[in-house]
Amino acid sequence: MPALGSAEFGVRTFYAASHPNDKCGPNGLPLTPNSVKILGRFQYLTTLSHPRLCQYLDISKTKHECMIVISEHHKSSVKEKLNSGQGLSENAAVSLGFQILEGLTFLHEKNVVHRNLSMDNILIEKQGNIKLSEYGLYYMTDYGADVSFPIGLPHYMAPEVLCSGPLKVDEDSGQCIQPISGPKVDVWSFGIILLELLLGREVWSGLSLQETFVKLMLLIKSDMSPLDYLCQDASLSEKLKGTSKELKDLLRLCLTVSSSKRATSEEVKQHPIFRSSRENAVAHKREFDIFTAEVRSADLELPTYEETIANDFSDDHLSQRSMQEVYYLWRLAGGDLDGALRKAGMSKTRPPIHLLPCYGILDGDVFGQDRDNAELLNNTVITLSQEQLRFRLREIPATAYYPLLEDESKYLSENQLPASPSYGDLANSATLPLVIREKDVDYQFHRIILFERLLNAYPFKRPYIWREARVDIPPLVRAHVWAAILEVEGDLEGWYTSIDKETPTATDRQIEVDIPRCHQYHELLSSPTAHAKFKRVLKAWVLSNPQYVYWQGLDSLCAPFLALSFNSEALAFACLSAFIPKYLHKFFLRDNSAVIQEYLAVFSHLISFHDPELGNHLDGIGFIPDLYAIPWFLTMYAHVFPLHKIVHLWDTLLLGNSSFPLCIGVAILQQLRDRLLSFGFNECILLFSDMPEIDIERCVQDSIRIFCSTPKSATYRQHARPLKPKNSTDRPNVSYYSRDYHDQPQTDLSMEPIPLEELKSEKYPRISAEDLIELGELAGSANSRSPTKKRQNSKPMILILDVRHHEEYKRGTLQGSINIPFQTAFSPEGELNPCPAVQILNSRRNQVIVVVGNRGRFAANFANELVRLGYSRVCVLHKGIDIFRTTNLLIIPPADI
């Protein structure tokens with residue numbers, strides 16, 4: 001994205017054509033509004049970046065199918081040169097014409113036809129270089145099929161455009177059915193413009209529209225060449241007398257009636273008359289994506305002396321930022337597009353009933369309303385003032401625009417953020433709710449600049465991106481930050497392109513059925529362009545993972561990535577390909593029942609672990625996770641929450657390990673706890689049939705709390721993807737609970753697979769011996785065989801409850817344990833018999849209670865009883881106390897215990 005420089009933001013509006021309310025397509029569904037189609041196609045235009053093109057920035061849709069297009073704008077245009085009445089010299093016209101050709105050839109290489117080229121749409125920036133504007137109107141409107149007005153001025157239209165007649169649109173599909181204009185129509189327009197530059201006036205000046213059409217038809221029918229026909233005008237003939245033969249030859253190449261004989265823009269650009277212009281042309285620097293296999297530093301150049309002096313003595317640091325970033329900050333600073341349109345008198349205020357066309361003639365009188373001119377193309381451009389944004393950022397020091405990443409004490413601390421004179425210490429802003437932080441222009445300014453620098457250093461700065469993402473992720477850079485967290489890198493385009501996405505497959509039908517139902521409230525994802533992208537990305541994933549099959553829900557998983565990386569299918573595909581193995585390993589097997597049932601069993605354990613009262617109630621009414629939680633986990637909540645909530649949820653989800661989605665599920669149930677406890681089975685079914693409103697920020701915070709208070713081994717799943725141990729330098733300062741259980745070497749003290757039936761029969765999770773050592777007081781007495789290091793905390797996190805017979809207990813137990821034999825623990829009424837050990841148990845109910853026994857069922861039954869009695873955080877030592885027989889961790893308890 002080019003820098004702002006001296007450019008301004010220009011706003012243009014036009015109205016998309018409306019469909020009849022009762023019109024349906026071949027599939028029986030209502031036709032997609034033309035405005036939504038335009039939204040989808042417009043996104044490609046934002047990827048076109050060239051020194052000779054005005055950058056497209058954004059588009060929005062308002063009522064009455066009004067489209068608001070925001071793009072780079074410059075106040076001066078080439079038409080002003082014509083208004084002077086003096087034509088340009090041949091050298092000046094050739095120089096300016098070459099710049100026009102540079103823009104046209106780039107557009108044609110990208111399969112975009114301008115079709116709207118005129119003097120009004122050739123702007124001049126302050127440095128004197130030209131930039132083409134309005135080059136995307138023909139492309140975004142499906143070659144004119146989505147609007148009610150013709151695109152292009154008749155004065156500059158090529159003969160084949162005029163001869164094709166009125167636009168024809170298929171009534172069923174709404175698509176254009178007449179031949180679309182090719183890139184050579186722009187070459188004709190270029191020839192007319194070059195003539196006008198030499199002449200100093202419009203070729204058809206002083207003529208009405210009807211007279212212009214007559215002249216053009218005569219030109220087309222004439223046996224003379226168009227240039228000779230036009231030279232019948234004395235002033236034009238006189239002007240061309242002094243021009244070179246090369247220039248006349250160039251004009252003849254452009255002004256040829258037959259499009260097949262007309263030169264292409266690239267051929268015109270290679271004409272000998274542009275020899276010196278080509279030699280002096282500045283090479284277009286291609287922008288590199290950060291996710292590429294190419295060496296991004298290969299084309300780096302040191303700034304020239306003039307550039308260095310200009311930057312050193314310029315106080316306008318905002319102009320060095322990208323247009324997209326400045327426009328984003330402009331919106332945060334209070335920029336109001338609707339207000340700017342109303343102020344300029346461009347808002348449509350007439351009610352729809354007044355838009356009825358003329359409907360009859362009686363005795364010469366016309367009844368009804370004339371056609372509303374607001375639906376026609378309005379070439380008015382509104383310039384958006386940047387004054388408010390600059391005022392908000394006026395006190396930010398120059399150093400804030402160029403942060404030093406190595407100064408980690410200032411810029412890369414989890415608890416400290418850079419200070420800003422305009423808003424004070426940003427650490428105060430970091431404590432505000434996320435929705436407020438995302439609207440704070442000062443806060444977002446610092447975060448965007450910081451993340452931009454970190455992303456430019458990706459993958460070298462991946463650990464710091466991960467750490468900064470724990471604070472929050474600016475919406476403007478969320479797509480790339482997610483990709484960095486998922487460790488996406490390499491030749492993504494090459495990988496994606498190598499997959500055959502066009503050949504029909506057995507899954508095509510199901511994909512085509514699912515896509516029109518996936519997040520269709522989102523205007524961009526409901527566009528035909530998005531549907532095509534959806535299908536390609538999903539097919540690419542299915543084809544690149546032959547061990548899996550397409551399951552419903554995969555489209556919902558794809559939606560957040562596609563919405564964020566709409567213009568980069570390869571990046572969306574790569575993120576999806578990295579996301580699924582991490583969180584949904586084996587979920588898309590043809591027979592995934594064992595995988596899902598294990599996942600649901602672990603989820604049930606977590607519910608009872610953190611909220612036994614709620615778990616007992618749901619079990620008592622038969623409302624098991626199988627009835628509501630499968631769509632949650634199969635889509636990682638992307639099917640049950642809207643996208644604006646999903647992105648906030650996934651900002652944190654991506655930072656956690658594969659068990660974090662389970663914690664999110666528990667947090668959702670706890671947020672609905674009061675209603676669930678008062679509901680029966682039928683009411684619970686109705687509650688989850690349409691997901692109730694959930695406070696996502698509270699859900700995220702509760703999930704983190706649940707995640708950090710759950711032993712890693714309590715979420716062990718045999719079907720989780722085994723991960724290689726990570727180098728300790730990969731994630732600096734990563735907390736103990738942020739590592740996945742499989743991120744460490746497995747030993748005899750580790751968890752092992754548990755039969756599914758046994759897992760489903762238990763109401764509690766299990767904890768491994770190594771987790772017990774890590775979390776408890778045992779680390780202080782662990783010998784060299786201990787697989788973990790001593791935790792640096794003085795207060796134990798667990799209470800070890802030994803339920804063996806007292807005689808067995810006295811022969812050897814774990815340090816700090818208490819003994820409540822299972823045979824004598826419970827009264828006939830099912831309550832715990834009072835004793836000193838039970839008093840200790842009740843006084844430490846806020847800790848993790850680890851029930852320890854032999855390999856028999858005593859420990860399991862005791863734990864089930866504790867859960868029934870409402871004790872939270874109850875778990876059982878996996879493989880019993882015998883696992884410690886080969887260690888030096890068993891002790892003889894004191895006689896008074």
Are the side chains of [Y] and [X] in contact, using a 4.5 Å heavy-atom criterion?
X: Asp611; Y: Val666; value: no
X: Asn833; Y: Val838; value: no
X: His806; Y: Gln823; value: no
X: Ser604; Y: Ile624; value: no
X: Val874; Y: Pro612; value: no
X: Gln671; Y: Asp695; value: yes
X: Val471; Y: Arg447; value: yes
X: Arg470; Y: Trp466; value: yes

How close do [X] and [Y] get, counting heavy atoms only, and between which atoms?
X: Phe609; Y: Ser709; answer: CE2-O, 3.8 Å
X: Cys663; Y: Leu606; answer: N-CD1, 4.5 Å
X: Tyr637; Y: Gly665; answer: OH-N, 2.9 Å
X: Gln718; Y: Ile754; answer: NE2-O, 3.6 Å
X: Cys558; Y: Leu538; answer: CB-CD2, 3.9 Å
X: Phe681; Y: Gly622; answer: CE1-O, 3.6 Å

Just by distance, do the side chain of [X] and the backbone of [Y] share a donor-acceptor pair under 3.5 Å?
X: Thr715; Y: Lys712; value: yes
X: His639; Y: Gly553; value: no
X: Ser768; Y: Asp771; value: yes
X: Arg717; Y: Val602; value: no
X: Arg844; Y: Ile798; value: yes
X: Tyr764; Y: His605; value: no
X: Glu438; Y: Pro475; value: no
X: Asn545; Y: Gln547; value: no
X: Thr813; Y: Tyr809; value: no

Query raised in the report: How far apart are the C-alpha atoms of Phe826 and Leu869, what are their side-chain angles, what is the distance that settles it, and do they pass the side-chain contact (heavy atoms from CB on, under 4.5 Å) test?
Result: CA-CA 11 Å; Phe826 296 95; Leu869 292 173; 3.9 Å; yes
Partners passing salt bridge (Lys or Arg N to Asp or Glu O under 4.0 Å) against [X] (at least two apart in sequence or in another chain):
X: Asp802; result: Arg804
X: Arg698; result: Asp702
X: Glu598; result: none

Requested in this report: Decide side-chain contact (heavy atoms from CB on, under 4.5 Å) for Leu877 and Phe884; before the verdict, give the C-alpha distance in whole Å, the side-chain angles of both, and the deciding distance to 0.1 Å.
Outcome: CA-CA 11 Å; Leu877 175 63; Phe884 289 105; 3.7 Å; yes
Query - Salt bridge flag under 4.0 Å for residues Glu613 and Arg673 - result: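 A salt bridge is present here (some side-chain N lies under 4.0 Å from a carboxylate O).
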If you measure from [atom1] on [X] to [atom2] on [Y], what distance do you get to the nearest 0.5 Å?
X: Glu808; Y: Asn854; atom1: CD; atom2: CG; answer: 5.0 Å
X: Leu889; Y: Ile883; atom1: CG; atom2: CD1; answer: 11.0 Å
X: Asp626; Y: Ile596; atom1: CG; atom2: CD1; answer: 9.5 Å
X: Cys699; Y: Leu672; atom1: SG; atom2: CG; answer: 9.5 Å
X: Tyr599; Y: Phe587; atom1: OH; atom2: CZ; answer: 5.5 Å
X: Glu697; Y: Lys645; atom1: CD; atom2: NZ; answer: 12.0 Å

Requested in this report: Would you please name every residue forming a side chain to side chain contact (heavy atoms under 4.5 Å, CB included) with Asp514, sequence neighbours left out?
Outcome: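 If we apply the side chain to side chain contact (heavy atoms under 4.5 Å, CB included) test to Asp514, skipping adjacent residues, the hits are Gln510, Arg517, Tyr550, Gln552, Asp555.
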Query raised in the report: How would you list, by chain and number, every residue that makes a ring pair (Phe, Tyr, Trp, His ring centres under 6.0 Å) with Phe561, sequence neighbours excluded?
Result: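 Listed in chain order: Trp482, Phe579, Trp650.
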Query raised in the report: Any side-chain hydrogen bond (donor to acceptor under 3.5 Å, both in side chains) pairs touching residues 865-882, not counting sequence neighbours?
Result: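 For residues 865-882: Arg766-His878, Asn842-Tyr871, Glu865-Arg868, Asp882-Arg885.
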Query raised in the report: Which of parallel (below 30°), tilted (30 to 60°) and perpendicular (above 60°) describes Phe688 and Tyr628?
Result: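 Phe688 vs Tyr628 ring planes: parallel.
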Report task. Evaluate side-chain contact (heavy atoms from CB on, under 4.5 Å) for Ile696 paired with Leu434, printing each intermediate quantity in order. Result -> CA-CA 10 Å; Ile696 286 296; Leu434 182 59; over 6 Å; no
Report task. Apply side chain to side chain donor-acceptor pair (under 3.5 Å) to Tyr443 and Asp472, showing your working. Result -> CA-CA 11 Å; Tyr443 182 81; Asp472 55 45; 2.3 Å; yes
Query - Modelled atom types, side-chain donor and acceptor of His519 and Tyr521, under 3.5 Å - result: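 Note: His519 and Tyr521 side chains meet the donor-acceptor criterion.
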Query raised in the report: Aromatic ring centroids of Phe679 and Phe623 under 6.0 Å?
Result: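 No, the ring centres sit 6.0 Å or more apart.
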Query raised in the report: Does the ring centre of Tyr583 sit less than 6.0 Å away from the ring centre of Phe660?
Result: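 So the answer is no for these two rings.
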Query raised in the report: Would you find more than 12 non-hydrogen atoms of other residues, nucleotides or ligands less than 6.0 Å from Trp632 atom CH2?
Result: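 Counting neighbours around CH2 of Trp632, more than 12 heavy atoms of other residues, nucleotides or ligands fall under 6.0 Å, so yes.
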Requested in this report: Step by step, work out the side-chain contact (heavy atoms from CB on, under 4.5 Å) result for Arg721 and Lys582.
Outcome: CA-CA 7 Å; Arg721 182 178 65 166; Lys582 181 177 180 180; 4.1 Å; yes
